[in-house]
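Read the numbers this way: they start at 1 and go in the same order the structure lists the ligands and their atoms. Note that these values count all heavy atoms, side chains included, but never hydrogens, waters or copies made by symmetry.
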Amino acid sequence: MVSKMFRSRTIAAGIAVLALGLAACSSGDSGDAETAGGDSGDGGAITVGFSQVGSESGWRAANTKSIQDALTAEAGFDLSFSDAQQKQENQIQAIRSYIAQGVQYIAFSPVVESGWDSVLEEAKDAGIPVILTDRAVDSEDTSLYVTFIGSDFVEEGKRIGDWVSENLGTEPINVVELQGTTGSAPAIDRKTGFEDAIAGNDNISVIASETGNFTRAEGKTVMEGFLQAYPDIDVVYAHNDDMGLGAIEAIKAAGKVPGKDIKVVTIDGVKDGMTALAAGEINYIVECNPLLGPDLAEIIKTLESGGTVEPRIVTQDEAFDQAGAQAVLADREY
Ligand code: GZL
């Protein structure tokens with residue numbers, strides 16, 4: 001399903017990739033980089049070091065599972081996996097440890113956009129190709145990584161803004177925004193896309209915008225503050241389902257009905273979010289597909305076989321209203 005998600009199938013096709021010799025490997029998700037117990041590639045398995053943002057949301061859990069399920073020993077990989085607990089210094093430390101291990105490939109989802117040039121230069125100097133998954137970096141030097149595979153976050157924010165403008169912005173409305181992790185590509189771009197979409201609609205006022213760091217708990221806390229400060233909130237725009245679900249808890253605790261008294265629009269499309277949408281507590285969700293594992297595996301095998309990949313691979317996202325969620329909920333993979 002994920003491969004059909006790509007608007008531009010830019011991974012070089014038609015390269016026969018022999019199943020590589022297997023090396024026992026495991027992938028944990030400790031705070032420190034783990035050696036997966038494999039070899040350095042001389043046993044045939046492709047050694048890969050992956051630094052994950054953390055475990056902050058349902059989306060992240062699905063993304064981690066997709067990567068670990070795809071880069072298995074049976075598929076010819078020796079995966080070292082680390083969870084950075086949303087701290088850039090942990091990701092930089094993990095990447096340096098992968099360089100020291102001499103892995104053949106490094107992949108990571110950068111928790112924030114900036115501050116990567118130095119460690120990416122070190123990977124480049126070590127001759128280790130780097131693949132960005134899910135989130136981008138703002139490095140000027142695009143030779144520091146082979147490709148960035150992930151959604152178009154500006155487009156996601158625009159789709160939310162267009163829906164709010166068309167469906168709710170026919171009268172004056174007050175919007176509060178729960179931003180993702182400060183400095184992260186999805187937070188920056190989803191805010192930009194939303195602002196661009198609503199710019200021409202004078203009915204829409206964004207009366208407050210704060211980060212909830214992509215977590216349910218922080219989304220709830222920030223929404224509690226908004227509800228105390230602003231008695232006339234009409235819409236909450238949350239940059240991910242988890243913060244939206246936290247906001248719903250706060251809305252209910254304030255004696256209001258989510259999806260009715262205060263409309264809720266979010267991005268991700270994880271199971272809990274789609275369940276709330278089907279029940280009418282969320283009004284609209286733009287999906288952000290986390291199932292990047294199979295395509296990461298394909299990218300690495302293409303490169304390992306001497307093939308090339310495009311520098312930007314965009315995953316295609318769907319959008320759902322309540323009826324749409326009810327129709328697909330039972331079959332959702334995440
Ligand atoms: C988006 C991803 C974001 C999700 C959040 O690709 O980076 O991080 O929208 C997750 O749920 O925490």
Numbering as shown, the atoms of ligand 1 that approach [X] to under 4.0 Å (heavy-atom distance):
X	answer
Asn240	5 (C), 9 (O), 11 (O)
Ser57	5 (C), 10 (C), 11 (O), 12 (O)
Cys288	1 (C), 6 (O)
Phe153	1 (C), 6 (O)
Glu56	8 (O), 10 (C), 12 (O)

- Distance from atom 8 (O) of ligand 1 to nearest protein heavy atom, with residue and atom: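 Going atom by atom, the protein heavy atom closest to atom 8 (O) of ligand 1 ends up being Arg135 NH2, 2.8 Å.
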- What's the shortest distance from atom 2 (C) of ligand 1 to any protein heavy atom, and which residue and atom give it?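 Minimum-distance protein heavy atom for atom 2 (C) of ligand 1 reads Asp134 OD1, 3.3 Å.
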Determine whether a donor-acceptor pair (N or O, by modelled atom type, separation under 3.5 Å) exists between the side chain of [X] and the backbone of [Y].
X	Y	answer
Asn174	Asp234	no
Gln326	Ala278	yes
Asn283	Gly259	yes
Asp268	Glu287	no

Does [X] come within less than 4.0 Å of ligand 1, judged by its heavy atoms?
X	value
Arg190	yes
Asp242	no
Gly150	no
Asp268	yes

- Item | Pair Glu113-Ser184, side-chain donor/acceptor within less than 3.5 Å |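 Absent: no donor and acceptor within the cut-off.
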- Message: Quiz question: by atom type and distance under 3.5 Å, do the side chains of Thr181 and Gln86 form a donor-acceptor pair?
- Response: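 On atom types as modelled, these side chains qualify, holding a pair under 3.5 Å.
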- Item | Heteroatom proximity flag, Arg60 to ligand 1, N/O under 3.5 Å |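 Arg60 vs ligand 1: N/O contact under 3.5 Å present.
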- For Ala107 and Thr133, work out which heavy atoms get closest and say how close.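 Heavy-atom minimum between the residues: CB-CG2, 4.5 Å.
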- Applying ring-ring contact (aromatic ring centres under 6.0 Å, His included), run through Trp116 and Tyr145 and close with a yes or a no. CA-CA 11 Å; Trp116 301 101; Tyr145 52 90; over 10 Å; no
